[in-house]
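Below you'll find the structure, written out as structure tokens, and then a few comments.
The structure displayed is predicted, hence computed values, not measured ones.
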Amino acid sequence: MKRYIPIALSLMAFSLISCGEVMDLTQPEKAEVTYSDITLSLYQTGKYELYLDEPEYEYTIMVEKSHCEKEAKAEFAVVDAHSFGEEYTLLPAANYDLDVNSLDFKGDDVLHTVGLRFHDLTTLDNTKKYVLGLKLKSDNLAVNEEKSTMTFYLQQKQGGIGNPYIITAAKDLAKLGEYLKDGQITYVRLGADIDLQGMDWTPVEATAAKPVDFDGCGHAISNLKITSSSSGYQGFFGMLTGRCANVTFTNAQVTANKKLTGIVAGQAGNVSGAGIVENVRVSGTINLTSGNGAWDDGQAGGICGRLHGADSKIYQCGSETKITALWSAGGICGEVREGASIEQCYHIGDITTQSCVGGIASRLLGSTISHCYSHGVMKAVPMVTPNPGGGIAGWVQPISGASTTSVISYCWSDCDVSAQNQVGGIMGNANNTTGSGITVHHCVAWNTYLFSQAAPKSGKVCGRYSQNVAYSCYANPAMECVFPNNPALPDQASLDGTTTVDRYNGLTTINNLMEAIRALDWDTSIWNLNGEQPRLAWELN
């Protein structure tokens, strides 16, 4: 839409002024008058902000000569963009037009007007900042330097990718929800570490209608505290549609009384839009006080309560948290569903629930976990509900039979795991007995202690694993398995998805964790294998 922005309120309706004979002050009997005091200048000078979100602007520039007598020529020169700062790019000549560039002042002319039009601005790279400086010059007359230049700065409106909100204080971070805009991604960056001490945080709702790109730029948010919320989802974000990246949450304390809870988000992604969390570390405590036997209630995770959707993922994130949940909890995510993925993540800490528990995810539904590890104690107590537990995932199943599979690969765990029902060093319960809808491969269960109170179908690598695929997995030969009434099961190199064997023990032929990892040929660009335990390469960079 065309926008007209007048530069000067005194714009005249004509393009030049004639002094006529009234202004002719030259005395015939005197020598030629010197014109050192006659100058050219602009009526309008200074800085002007334009936005790349608008296709065009129009200006009228007024050029004044201070006296009538002297004839002169003038023109506009383009100022070098670098004189305004290295971050600026010169506006291409194809995106602006001057009516005329050269001005011819006759003796009695004192004013010229020049039209300036900016156009096709929305076609420019909106990640850049552009500048156009126009400077009046003349070889005939002096130019008033204080009134010689107009500078136009062009960038996206604040909140666009090229002009993000920069937040440096807690009071401004608390307004994050107010910055989000309907129908577009709002870009937000941290410019400093922020301490939320003394503030009861209200979760930010970044919905599909108001997605966010939140980048911490390597900064930390400390002392996040959540005790209540009007939102059904609780975390720094209640709902996260968009992206949260490159930030550390330290000493977070989340006490939740609703159904989905995590330090970063209650839920990341849904059927309407992806949620992405990458290069984020969290530490602190989570206490989820609600939840019941319905699986859609009571999900907690160190990063988020639920990760949902084929394009949603948690990537290169770490959680060092203590989690207590009435129903279900995972070290990274409570529930991962419908094509979402967790990649290159770790959890260190203890988790206690009254039902399903997993070192990385409590429930994995038609989704994937790859290149992850967990360390700590996983307990599902009191043991009065039919609950599974696993060092990586507790409850795993495909979606709609075998149409969308669940996969766990290249993961290791040394968690102690205890639960009422199915227990495994990597996975507790494969809830699929109709086809090869679940695959576990290239994993190492290096747990020292597994316990199942009722012990139906528990295994060193996977519990309850009938008619699913498993291969290339090792288990700690010194693992203590307390599985009452669970018949002994020998080592298994693989399960092909057709067998009715209901557990998977993997192989116990290697006595050293790192030797087992090397035997599985893990990718050393992802894993650092130089220490006593495998570590993710990004952790140590």
Which atom pairs, one a donor and one an acceptor, fall under 3.5 Å between side chains of residues 272-280 and the rest of the protein, sequence neighbours left out?
from: Glu278; atom 1: OE2; to: Arg243; atom 2: NE; distance (Å): 2.8
from: Asn279; atom 1: ND2; to: Asn246; atom 2: OD1; distance (Å): 2.7

Next item on the list: Step through it carefully: locate the ring centre of Trp527, locate the ring centre of Trp522, and say whether they are under 6.0 Å apart.
Entry: yes
Sequence neighbours excluded, the answer for side chain to side chain contact (heavy atoms under 4.5 Å, CB included) partners of Asn505 is Lys460, Leu489, Gln492
Sorted by chain and residue number, the side chain to side chain donor-acceptor pair (under 3.5 Å) partners of Arg518 (sequence neighbours excluded) come out as none
Parallel, tilted or perpendicular for Tyr373 and Tyr346, by the 30°/60° rule? parallel
The side chain to side chain contact (heavy atoms under 4.5 Å, CB included) partners of Ala493 (sequence neighbours excluded) come to Leu507
In short, salt bridge (charged side-chain N to carboxylate O under 4.0 Å, His left out) pairs touching residues 347-357 with sequence neighbours left out are none
- Exercise: do Asn257 and Gln234 side chains pair donor with acceptor under 3.5 Å: yes
So the side-chain hydrogen bond (donor to acceptor under 3.5 Å, both in side chains) pairs with at least one residue in residues 169-184 (sequence neighbours excluded) are Tyr165-Lys181
Q. If you count the non-hydrogen atoms of other residues, nucleotides and ligands that lie under 6.0 Å from CG in Asp311, is the total more than 12?
A. no
Applying side chain to side chain contact (heavy atoms under 4.5 Å, CB included) to Thr89 and not counting sequence neighbours gives Lys128, Tyr130
When Thr261, Leu260, Thr324, Thr255 are each screened for side-chain contact (heavy atoms from CB on, under 4.5 Å) with Leu288, the one that passes is Thr261
In sequence, state the C-alpha distance, the side-chain angles, and the governing distance for Ser409 and Ser370, and then conclude on side-chain hydrogen bond (donor to acceptor under 3.5 Å, both in side chains).
CA-CA 5 Å; Ser409 62; Ser370 63; 4.8 Å; no
Self-check item: pair Tyr187-Phe214: side-chain heavy atoms closer than 4.5 Å
Solution: no
Test item: side-chain donor near acceptor, Asn223 and Asp195, under 3.5 Å
yes
Does Asp521, at its CG atom, have more than 12 non-hydrogen atoms belonging to other residues, nucleotides or ligands within less than 6.0 Å? no
Across all chains, not counting sequence neighbours, the side chain to side chain contact (heavy atoms under 4.5 Å, CB included) partners of Gln344 are Tyr315, Gln316, His371, Ile526, Leu536, Trp538
Residues passing the side chain to side chain donor-acceptor pair (under 3.5 Å) test with Ser367, sequence neighbours excluded, are none
Salt bridge flag under 4.0 Å for residues Glu335 and Arg306: yes
Would you kindly say whether Ser328 and Gln299 are connected by a side-chain donor-acceptor distance under 3.5 Å?
yes
Whether over 12 other heavy atoms sit under 6.0 Å from His375 NE2
no
In short, ring-ring contact (aromatic ring centres under 6.0 Å, His included) pairs touching residues 238-269 with sequence neighbours left out are Phe236-Phe249
ring-ring contact (aromatic ring centres under 6.0 Å, His included) pairs touching residues 491-519, sequence neighbours excluded, are none
So the salt bridge (charged side-chain N to carboxylate O under 4.0 Å, His left out) pairs with at least one residue in residues 532-541 (sequence neighbours excluded) are Arg535-Glu539
The side-chain contact (heavy atoms from CB on, under 4.5 Å) partner of Ser319 among Ile314, Ile332, Val264 is Ile332
Review point. If you measure only the distance, is there a donor-acceptor pair under 3.5 Å linking the side chains of Thr508 and Asp491?
Key: yes
| With no hydrogens and no angle check, do the side chains of His219 and Asp193 hold a donor and an acceptor under 3.5 Å apart? | yes
